[in-house]
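In this text, all values refer to a predicted model and were calculated from it rather than measured experimentally.
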Amino acid sequence: MNWSANVLSTVTSDTEPTIVIEFDSAKYIFNAGENINRTFIQGRPNWKKTKGIFITSVGTQRASGLAGMLMTLGDANLGQIAVIGPQGLTHFIAAMRKYVFRSNLTVNPKDVPLLRPSSHASNPVYKDEHVTVYALPLLPDTLGSLFDDGSEKLHEVSATPVKRKRSSSAESSSSKRPNPLSEKLNPESHVPRNLEDHNVSVEELSRAVGFNPQDLQGQLAQRWREVMVRAIFPQVTPTANQKVEQEAQHASGKMVGGKGKKSSTSQKHESAKQTTPAPVAGPSLVQRFRSPPFQNYRPRRPAAINGQDEQLPPFSLVRDAPCNTVETKPTLAYAIVGPRIRGKFDAAKAKALQIPNGDQRRSLTQGLTITFKAKEDGQMVERTVRPEEVMGASEAPSVALILDTPTRGHISPLTSSFEESPTFSRFLSSAEKDIDECSVRTVFHICGDDVLEDERYISFMNRFAPDVQHVISSKQHGPNPVTFTSAAFNQLRLSQLDANIFRIPTYSLNAAKSHEAIPNIPANSSMMRANARHSIRPFHPPVYDKLMEEKDLFHPAAEVHAPLALSDLTAKRFQEAKDAVVQYSLCSSIPETPGSNVIITPLGTSSAVPTKYRNVSSTLVRIPNYGSILLDTGEGTWGQFARHFGTSESMSPNAWDALRELKCIFISHLHADHHGGLAKILAMRSRLDPPPTEPLYLIAQSEVFLYIHEYADIEDLGLNRSSENGVKCILSDVLHVNTRQPVRTYGNAYHWLSVPESQRLVGELCKTLGLQSFGTVDVNHTAPCYAALIKHIEGWSVVFSGDTIPTDRLVWAGKGATLLIHEASMGDDPTETAIAHVKRHSTFGQAVDIGRRMKADNILLTHFSARYPQMPPSGVPQPYNEKDSSREPFLALAFDNADIKIGDVWKMNMYLQAIEQSFLDTVEEGDDEQSTDVQVDVPL
């Protein structure tokens with residue numbers, strides 16, 4: 001049975017190491033860092049046949065892409081998936097319950113206990129017909145010292161996976177046995193104090209009056225987290241009628257948003273080939289999308305469990321000691337052991353022994369001893385044959401190791417744990433019996449700063465057999481190539497149109513240090529490369545994907561440092577656009593109006609799911625001399641941030657400087673494509689050294705605050721820092737511009753839900769950014785959603801729509817805006833208009849109409865479903881002189897990583913036709929596939 005270890009991504013500005021173990025009929029993903037979904041899309045591998053996801057460390061560095069990955073696997077109808085990681089994993093997944101839901105998926109989380117290797121049984125954490133996976137906990141020196149006086153300080157939680165019950169109701173009792181506390185747990189009862197002393201299910205417990213999950217401890221707390229995971233992934237079996245509806249939905253999805261539909265640019269490109277007129281949608285089609293099965297792509301969530309909206313039980317590894325920083329966080333080392341390959345059947349020996357063909361020989365190949373009748377010296381005798389008499393020697397199982405050593409404080413635990421573990425010590429052994437049990441082929445080393453050059457680590461590497469391949473991921477010793485080369489190549493082309501707006505992404509093909517210069521590093525060492533296939537069985541050196549290298553047009557072109565060769569038509573369009581800009585500048589008066597120097601940098605403009613060309617929603621507003629505001633933070637926002645500004649400390653300003661300048665984050669709503677990157681941004685900010693000198697104000701709904709406060713048990717997000725530089729929470733609804741709008745009351749349960757505090761903090765925020773006001777207005781989407789209304793003391797204003805159908809409230813609240821940033825998820829053809837209405841999004845034309853009615857000076861459209869949206873038709877009015885009050889708004893489209901000054905939106909309008917032609921020149925195979933806008937728009 002052949003298998004390989006394939007590198008999906010390595011450590012770069014926008015990705016973390018992900019390794020995929022692959023068999024013909026199964027895949028196993030190790031680590032799910034940010035941008036894992038988009039990396040799969042950019043490359044050739046896919047996630048189909050995935051059976052398990054294994055996390056080396058719980059947090060943003062190794063698992064911030066897990067939520068999106070699980071939703072994608074649910075959409076692929078995988079049925080069930082095992083997710084394994086260190087203690088805290090189940091808490092990490094349970095914290096997603098407000099924005100992740102897949103009714104057709106079972107997720108079985110398993111927290112690996114952090115016991116001493118000597119006392120840890122040599123049992124695998126996962127096993128099936130392909131692999132046996134062992135996990136070795138590595139406690140950094142700062143945490144391992146707590147064992148010196150015993151392990152009573154360490155919180156151990158259940159490592160058993162969630163067990164499914166026959167009932168689909170999350171509230172049903174988990175046991176039919178008599179319960180001595182039944183009279184105390186009826187709906188009128190109160191929660192008993194000594195919960196661990198009672199034989200009671202958390203489902204029963206949740207129905208008690210006064211139940212609060214935060215009162216739960218130990219095993220009950222862990223069981224509650226498991227119940228929350230089961231609520232997120234209930235795997236509801238569809239009825240026969242629902243199956244029919246799903247099939248109809250799937251067929252329609254192909255028609256309106258799947259593989260059967262070309263992107264708008266491709267449609268134009270192939271318009272000459274069309275001989276059949278496009279179908280016209282009448283009322284019947286619109287009605288179809290207003291009724292099942294199209295009304296919701298998935299079943300609604302089951303009825304909420306009492307306590308589901310409350311904060312999870314607090315999680316900590318060690319009593320009275322936070323373990324949520326890189327230096328204190330434990331990791332897991334994984335050993336992936338393949339199957340033992342049986343020896344070949346010796347047909348000649350079988351013939352000599354007169355073994356009959358068929359079942360008898362088959363039994364021998366399966367390791368069974370057989371008995372049969374055979375003629376010997378003219379007599380029929382009974383003969384017994386053992387497998388080893390006719391089978392050749394079996395081949396020892398091949399092994400791949402994945403070692404995550406984020407700090408030097410993890411090195412000693414790694415080396416000592418290998419020696420103490422009965423399972424892992426044999427991987428270093430040269431004893432014949434150990435070699436016969438396993439054969440280590442490849443070791444993947446995921447090294448943090450200064451780890452690889454540590455003499456202790458090099459000595460450890462040299463303890464493996466000389467023929468073992470060492471594959472190293474180290475930011476200090478590896479290059480930093482662009483991951484999403486398709487988007488970067490388009491950016492490179494457009495930089496020839498306007499280098500100030502379309503900046504080339506930062507990258508480096510040269511490592512800061514050479515790993516080969518490290519004394520005594522094993523000879524078989526190489527740096528980890530994306531799209532590399534390491535064959536484990538049969539074993540041979542890595543093979544690099546030549547096709548992916550050929551498809552990378554960005555790096556070869558960027559390294560030339562010369563203008564790109566453009567097609568004649570594109571070159572013509574570029575020159576026409578440049579000439580139009582010059583002509584307009586000469587003929588029109590363009591005064592420096594308030595806000596003209598404010599820079600809008602879209603960091604993600606895709607709707608619902610990322611694509612090769614676009615990240616999901618995020619927009620950075622930079623206010624000179626004041627700071628910046630981030631409007632939504634979809635997964636991958638930090639990667640876009642790092643690519644745009646660069647992470648090299650020798651450059652200034654860089655991403656770290658830009659992160660210090662970030663003063664406010666606004667989250668419009670709870671869908672994952674709008675906040676999936678929030679924790680990563682907060683985690684990166686919390687690691688700034690020296691730390692920021694001012695606070696970061698986070699404006700969001702209460703559910704977002706609930707999520708990040710639960711997340712903060714796993715990783716430091718700066719929530720509990722001092723008022724000088726910590727994260728301060730402001731409730732969206734408290735800022736509603738309609739003072740008659742009733743403000744929800746939250747009680748005193750959580751300090752971060754204080755209405756008076758939110759009202760006070762918004763004053764601090766406005767003072768920091770020089771704002772006259774920061775308001776919100778509710779808009780109409782499938783989930784509660786708010787638009788942002790930002791007014792500056794210098795006389796300019798920005799309105800950000802969030803996700804919404806056309807809403808009069810937004811027009812009223814944003815009257816006379818300097819800039820409207822509005823979603824335009826769909827095109828204007830009848831089919832897409834119908835889908836937009838059902839999904840509660842706006843079409844291109846509807847968004848433009850909102851800006852016109854608002855009398856906005858400028859409109860910037862974003863949140864596109866297609867690869868690139870349809871460009872405005874030639875009938876859209878061109879800009880008029882600024883003195884003409886009757887002029888149309890300047891209309892522009894947002895593009896990832898473009899720097900658009902508000903005063904230059906008119907330029908973007910004039911560039912549109914040139915941009916479209918450039919896109920047509922770079923159409924790649926598969927570009928007709930659209931993001932379907934079903935991944936994250938979950939009915940709540």
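- Taking the centre of each ring, Phe774 and Tyr697 stay at or above the 6.0 Å mark.
- Using modelled atom types, one finds a donor on one side chain and an acceptor on the other under 3.5 Å when comparing His841 with Glu823.
- In this model, a donor atom of one side chain and an acceptor atom of the other lie less than 3.5 Å apart for Asp896 and Thr605.
- Atom OG1 of residue Thr60 and atom CD of residue Glu16 lie 8.5 Å apart, to the nearest 0.5 angstrom.
- Comment: Lys767 does not engage Glu764 in a salt bridge, judged by the lack of any side-chain N to carboxylate O separation of less than 4.0 angstrom.
- A donor-acceptor pair is defined here as one N or O able to donate and one able to accept, closer than 3.5 Å; no such pair exists between the side chain of Thr782 and the backbone of Arg840.
- Residue Leu696 holds its CG atom at 9.5 Å from CG of Leu765, rounded to the nearest 0.5 Å.
- Annotation: cation-pi geometry satisfied between Arg38 and Phe484 (NZ/CZ under 6.0 angstrom from ring centroid, within 45° of ring axis).
- Looking at His671 and Asp803, their side chains never bring a donor and an acceptor atom within 3.5 Å of each other.
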With salt bridge (Lys or Arg N to Asp or Glu O under 4.0 Å) as the criterion, how do Arg622 and Glu661 come out once you've worked through the C-alpha distance, each side chain's angles and the decisive distance to 0.1 Å? CA-CA 9 Å; Arg622 285 183 279 163; Glu661 287 297 306; over 6 Å; no

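- Using a distance-only test at 3.5 Å, with no hydrogens or angles considered, a donor-acceptor pair links the side chain of Asn654 to the main chain of Met651.
- Side-chain contact, Asp632 with Ser617: no donor N or O sits under 3.5 Å from an acceptor N or O.
- Side-chain contact annotation: Asn490 with Tyr613, donor-acceptor N/O pair under 3.5 Å absent.
- Taking the six-membered ring where the residue is Trp, Trp656 and Trp638 present tilted rings, their angle falling between 30° and 60°.
- Put simply, NE2 on His644 and CG on Asp899 are 3.5 Å apart, with the number rounded to the nearest 0.5 Å.
- Between the CZ atom of Arg614 and the OG1 atom of Thr862 there is a distance of 7.0 Å, given to the nearest 0.5 Å.
- In summary, the side chains of Thr593 and Ser596 do not present any donor paired with an acceptor at a separation below 3.5 Å, with no hydrogens or angles considered.
- To the nearest 0.5 Å, atom SG of residue Cys664 and atom CG of residue Leu631 are 8.0 Å apart.
- The environment of NZ in Lys855 is sparse: at most 12 heavy-atom neighbours from other residues, nucleotides or ligands sit within 6.0 Å.
- For Glu34 (side chain) and Gly636 (main-chain N/O), a donor-acceptor pair under 3.5 Å exists by modelled atom type.
- Defined by atom type and a distance below 3.5 Å, a donor-acceptor pair is present between the side-chain atoms of Asn480 and Arg643.
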